[in-house]
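To find a chain, count down the sequence lines: A is the first, B the second, and so on, and within it residues start at 1.
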Amino acid sequence: MDKWVLIDGNSIIYRAFFAMPQLTNSSGLHTNAVYGFTTMLLKLLEEEKPTHMLVAFDAGKVTFRHEGYAEYKGGREKTPPELSEQFPVLKELLRSFGIAQYELSGFEADDIIGTLSRIADESGIETVVVSGDKDMLQLASDHVTIALTRKGVTDVERYDPAQIQERYGLTPLQIIDLKGLMGDTSDNIPGIPGVGEKTALKLLHEFGSVEGVLANTSEIKGKMKEKVEAHQEDALMSKKLATIYREVPLENKADELVYNGYDGAVLGDMFRKLEFKSLIERLDLPEAGGAAADADLAEANYAVMAAGDLTADALSALLANSESFYLEAIGDNPHQAKVIGLAVASGDRIAVLSYDDLMGGKLSTPIRSWLEDAKAPKKGYDLHKAELALSWLGIELRGVTFDALLAAYLLDPTETSQTLAALIQRHRLAAIQTDETVYGKGAKFQVPGAEVLAAHLAAKADAVRRLVPLLTEELEKGHMSKLCYELEQPLAVVLAGMEKQGIKVNADVLQDLGAELEKNVAQYMSDIYAHAGMEFNINSPRQLGEVLFEKLGLPAWKKTKTGYSTDAEVLEKLEPYHEIVKLILHYRQLAKLQSTYVEGLLKEIRRDTGKVHTFYRQTIAATGRLSSQFPNLQNIPIRLEEGRRIRKAFVPSEPGWHILAADYSQIELRVLAHISGDEKMKQAFIDDTDIHTKTAMDVFGVTADQVDANMRRQAKAVNFGIVYGISGFGLANNLGIARKDAEMFIAQYFEVFQGVRAYMDNIVAQARNDGYVTTLLERRRYLPDIKASNFNLRSFAERTAMNTPIQGTAADIIKLAMVNMDKELRERGLRSRMLLQVHDELVFEVPAEELELMKTLLPQVMEGALKLDVPLKADVSYGDNWYEAK
DNA sequence: CTTCTCACG
DNA sequence: ACGTACGTGAGAAGT
């Protein structure tokens, strides 16, 4: 069975260019559009398995369409040079793939594809047309489906005639009439002025075609009638321009479209030229010239010393002059990670010890005492994980002086891969093997034999050693040395302490709650089945969508890329239509509690201690916040009472102790008041007024007692919006009001808080100028998209520029408070323990006799963490469990 | 392994 | 005109 795939080259490369972030190879060639195009090709090859394939291009500037209408495609912006330079590259890439390409002077890509799809259709050959242009829908038929790009490049939506009917209520050929009426600004096709998609569809549903509309103008009312009558000629010409010409002389071309797959070596060479390294790996393409794979790998200018090569004294001597340290622990969860070895580099020797060497034998004593010696300096990589993994072996890691992972994170917190291999590559140092190469991944993961493993661990210790001076210098240049050595590194130790300590979770409380939930979930389930008239999996959005929108016929208005959206926003809008909707919302709420918080949390409780030990990741969030994993203890329910009860299970680990919690009040807005210097906002916090009420008063121009609940709610949403980097659309969406009204609120807000407006303008300008923004403690985030020509990318970067200094400074502040508080506890010899951090909240367990002291000490330390132009405020609460501490 | 949904600040 | 709020992690489905 033949299968043809016909691609509108111009349309897709444009799409790819605007959808992909800036990307260049090391010689400065822009490659983003070609990269995007390539990912789309790969997806098509995999999904469609075509026997024939063609990429069609527009040729030259003038086509037959210009003969009747010289202004066709006039007024278009010039193609950006960053894109033009990629056309020849794309054509070369297609040759490397072995994919046919075609262009014919006087015709557009549309016409070539239109003709070939007609030929395919006439022979009954299944064909997919790929484009970003809706006009292509006119080509759909029983054998021809149209894949239109939606978001990005690889996300496409397929249309056959039935789907076009469903979406527009039109046949494929009527798509031409649609454009005839609407016109198309991008092609400079006029259509009828004032007729957009809505009106055009209405007219077509009534009269069937452009000609039908023109013949029945008497039945059209008001202004619309005048417009249609005045622009009859335009409509007819527009229809003609929009019609794809399907008789291009292309007979007997089919053989040239045959696709036989690509030659890995040829494609590999092309990808190397473009530096598409991830794709080389993904397709497992051969290395250049077959061999020489290891040519770039660093040559070991050190001797790997295994246990057999070392005496205890020799090891001690080496450790005394250590330059770097690397500990390998397998597994993502450091509390369960298996230590398989470690390496210490010193001059031309790198000692590599196994787990067994660490746990017993002649070398165990020297290595353990070195690890635990706070005076023995250690420069390493991910020592937070190392500290935890070792601690479960009864070894306390001390004396960390430099962590390459933390440094790398500070230097670029948005970088997703901070592995040693990636860091080495980014710094253009001689390469080391990736973990994936050495261990494999997924089901194929396997620890290699002792010798190979030793070589790899030694290479990593050596990599750390080579990175340290570079990272140190970059931190210095970025003014982040203090942030690294005095905040993040000490914090890593505090976090490890919290994680080792863990928090006690009462399994009985969870089990009781679970039993209750189970009953209720079952009840909801049967009620939902009764209303639906059938049983189905409510947890499956797909099945739920079918029941709601097809079986029950509820109105569908929001779609995901795979089907109907059934999220809470959709369901809330559907509530008035059917009783089942409310039941589903409740079911969802309870099922979430049951699976994630009752069952999920129960699985994390250690049988021996009854505690859960989360892991705070310090190098994930782009803003400087922490994140929490295994389990995530930063998203335990609180907003709704049913869920909040989960917190009753979090209890002190010792009898008679209490849970004490303190959270910063409005920390982000206080930070904003400080960094913007807005006098009005500063004064509001100095007077300790309710900021949302104050905002409502100023924005609505009323007195305090005139602010009702709704005004305060709206003001609160505006304040949130300000912190997020406000947009009219976002605020409108959040408040469920018209965008115009939202924009009015924002304008009014900026009228009042002029300092805030100035800050927002300045920070975006600063980001454009420097390429990055910073927090008060000089934490940095780069925003490469701030200059993007793509509106979406640029807007996103602008909002990020506004938000990151605020969210990031708040993160700085609570981190300072944590380090200071830890110090206070130790210096005062208190037994109280810090257990959790939830972005603006700290949770402790405290013995009864320390409660009074802690109730004043904790807020004092939190409020004094950083001196701002406005006071910081922390509210304390306590109880017998986390629920009571509210 | 990705997608959807939903929990938190 | 474009199409969005900022930052995370986890469970269940379905490929």
Side-chain angles (χ1 to χ4, degrees), chain A residues 18 46-47 150-151 154-155 184-186 196 332 413-414 441-442 537-545 559-571 584-585 588-589 591-601 603-604 614-617 620-640 643-644 646-647 663-664 666-668 717-718 720-735 739 742 746 781 789-808 810-811 814 836-841:
Chain A
F18 289 110
E46 189 184 350
E47 287 180 358
R150 256 205 319 204
K151 216 167 46 176
T154 52
D155 178 13
D184 183 341
T185 32
S186 71
D332 288 335
T414 56
K441 68 168 172 181
N537 187 344
I538 310 169
N539 291 329
S540 160
R542 194 173 124 187
Q543 293 184 35
L544 181 62
K559 287 195 144 196
T560 67
K561 52 183 144 179
T562 52
Y564 304 107
S565 171
T566 67
D567 64 20
E569 190 195 351
V570 171
L571 295 183
I584 293 167
L585 280 164
R588 278 248 177 99
Q589 193 197 329
K592 173 86 178 178
L593 290 176
Q594 179 76 308
S595 69
T596 306
Y597 295 104
V598 174
E599 288 165 5
L601 212 46
K603 277 185 239 162
E604 297 287 344
T614 189
F615 172 51
Y616 289 104
R617 297 195 69 184
I620 295 297
T623 54
R625 276 188 174 185
L626 300 176
S627 80
S628 157
Q629 266 184 323
F630 318 126
N632 181 355
L633 295 183
Q634 290 183 319
N635 70 347
I636 303 300
I638 190 167
R639 292 174 189 167
L640 300 173
R644 192 172 194 158
I646 296 283
R647 295 181 173 227
D663 67 308
Y664 280 111
Q666 307 294 354
I667 188 166
E668 294 191 336
V718 174
F720 267 93
I722 291 292
V723 169
Y724 291 156
I726 200 144
S727 74
F729 186 96
L731 180 66
N733 217 16
N734 188 285
L735 281 174
R739 180 170 158 173
I746 295 169
R781 179 174 181 177
S789 51
N790 179 311
F791 175 88
N792 271 326
L793 290 178
R794 191 176 63 248
S795 302
F796 187 45
E798 288 169 357
R799 291 197 297 273
T800 310
M802 301 184 231
N803 171 265
T804 295
I806 302 172
Q807 194 183 115
I814 195 165
L836 302 176
Q837 189 252 43
V838 193
H839 308 307
D840 66 354
E841 176 187 18

Figure out the [atom1]/[atom2] separation between [X] and [N], and round it to whole Å.
X        : N      : atom1 : atom2 : value
A:Met802 : C:dG7  : CE    : P     : 12 Å
A:Gln594 : C:dA10 : CD    : C1'   : 15 Å
A:Phe729 : C:dA1  : CZ    : C1'   : 13 Å
A:Lys559 : C:dG3  : NZ    : C1'   : 19 Å
A:Leu544 : C:dA13 : CG    : P     : 12 Å
A:Gln837 : C:dT8  : CD    : P     : 14 Å
A:Phe630 : C:dG9  : CZ    : P     : 9 Å
A:Arg794 : C:dA5  : CZ    : P     : 18 Å

Quick one: salt bridge (charged side-chain N to carboxylate O under 4.0 Å, His left out) partners of A:Glu569, sequence neighbours excluded?
->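 Result, salt bridge (charged side-chain N to carboxylate O under 4.0 Å, His left out) vs A:Glu569: A:Lys558.
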
Residues which pass salt bridge (charged side-chain N to carboxylate O under 4.0 Å, His left out) with A:Arg739, listed by chain and number, not counting sequence neighbours =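 For A:Arg739 the salt bridge (charged side-chain N to carboxylate O under 4.0 Å, His left out) partners, ignoring immediate neighbours, are A:Glu743.
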
Side chain to side chain donor-acceptor pair (under 3.5 Å) with A:Ser540: which residues, sequence neighbours excluded?
->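 Scan of A:Ser540 (side chain to side chain donor-acceptor pair (under 3.5 Å), adjacent residues dropped) gives none.
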
Would you say [X] reaches [N]'s phosphate, i.e. side-chain N/O to OP1/OP2 under 4.0 Å?
X        : N      : value
A:Ser595 : C:dA10 : no
A:Arg739 : C:dA5  : no
A:Asn539 : C:dA13 : yes
A:Ser627 : C:dG9  : yes

Have a look at [X] and say if it touches a base, only the backbone sugar-phosphate, or nothing, with a 4.0 Å heavy-atom cut-off.
X        : result
A:Gly725 : nothing
A:Ala797 : nothing
A:Phe796 : sugar-phosphate
A:Ala591 : nothing
A:Leu731 : base
A:Asn537 : sugar-phosphate

Ring pair (Phe, Tyr, Trp, His ring centres under 6.0 Å) partners of A:Tyr564, counting only residues at least two apart =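 If we apply the ring pair (Phe, Tyr, Trp, His ring centres under 6.0 Å) test to A:Tyr564, skipping adjacent residues, the hits are A:Phe549.
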
Check ring pair (Phe, Tyr, Trp, His ring centres under 6.0 Å) between A:Tyr597 and all other residues, then give those that pass, not counting sequence neighbours.
->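 With neighbours one apart ignored, the set is empty.
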
In whole angstrom, give me the gap between the P atoms of B:dT5 and C:dT4.
->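 Comparing P positions in B:dT5 and C:dT4 gives a spacing of 15 Å.
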
How far does the P atom of C:dA5 sit from the matching atom of B:dC4, given to the nearest Å?
->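 Nearest-Å result for C:dA5 against B:dC4 at atom P: 14 Å.
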
Partner set under side chain to side chain contact (heavy atoms under 4.5 Å, CB included) for A:Gln629, not counting sequence neighbours |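 With sequence neighbours excluded, A:Gln629 shows a side chain to side chain contact (heavy atoms under 4.5 Å, CB included) to A:Phe615, A:Arg617, given in chain and number order.
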
Those residues that, when tested against A:Thr623, pass side chain to side chain contact (heavy atoms under 4.5 Å, CB included) (two or more places apart) |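 Result, side chain to side chain contact (heavy atoms under 4.5 Å, CB included) vs A:Thr623: A:Ala621, A:Arg625, A:Arg781, A:Asn803, A:Thr804, A:Gln807.
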
Are side-chain heavy atoms of [X] and [Y] found at a separation under 4.5 Å?
X        : Y        : value
A:Leu544 : A:Arg588 : yes
A:Asn632 : A:Thr614 : no
A:Ile814 : A:Asp663 : no

Could you check A:Pro413 against A:Thr596 and say which one's nearest nucleotide on DNA chain C is further toward the 5' end?
->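 Here A:Pro413 is the residue nearer the 5' end.
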
Does A:Phe630 CZ have over 12 foreign heavy atoms under 6.0 Å away?
->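 Yes, because the 6.0 Å sphere around CZ of A:Phe630 holds more than 12 heavy atoms from other groups.
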
Side chain A:Ser727 and base C:dT4 donor-acceptor under 3.5 Å =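 Yes, a donor-acceptor pair under 3.5 Å.
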
Please, what dot-bracket string fits DNA chain C when only Watson-Crick and G-U pairs with both distances under 3.5 Å count, crossing ones use [ ] and pairs to another strand use |?
-> .....|||||||||.

Contact state string [nucleotides 4-9 of chain B, B base, S sugar-phosphate only, - no protein heavy atom under 4.0 Å] | SSBBBB

Closest to side chain of A:Thr623, choosing from C:dG14, C:dT4, C:dG7 |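 So the nucleotide nearest the side chain must be C:dG7.
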
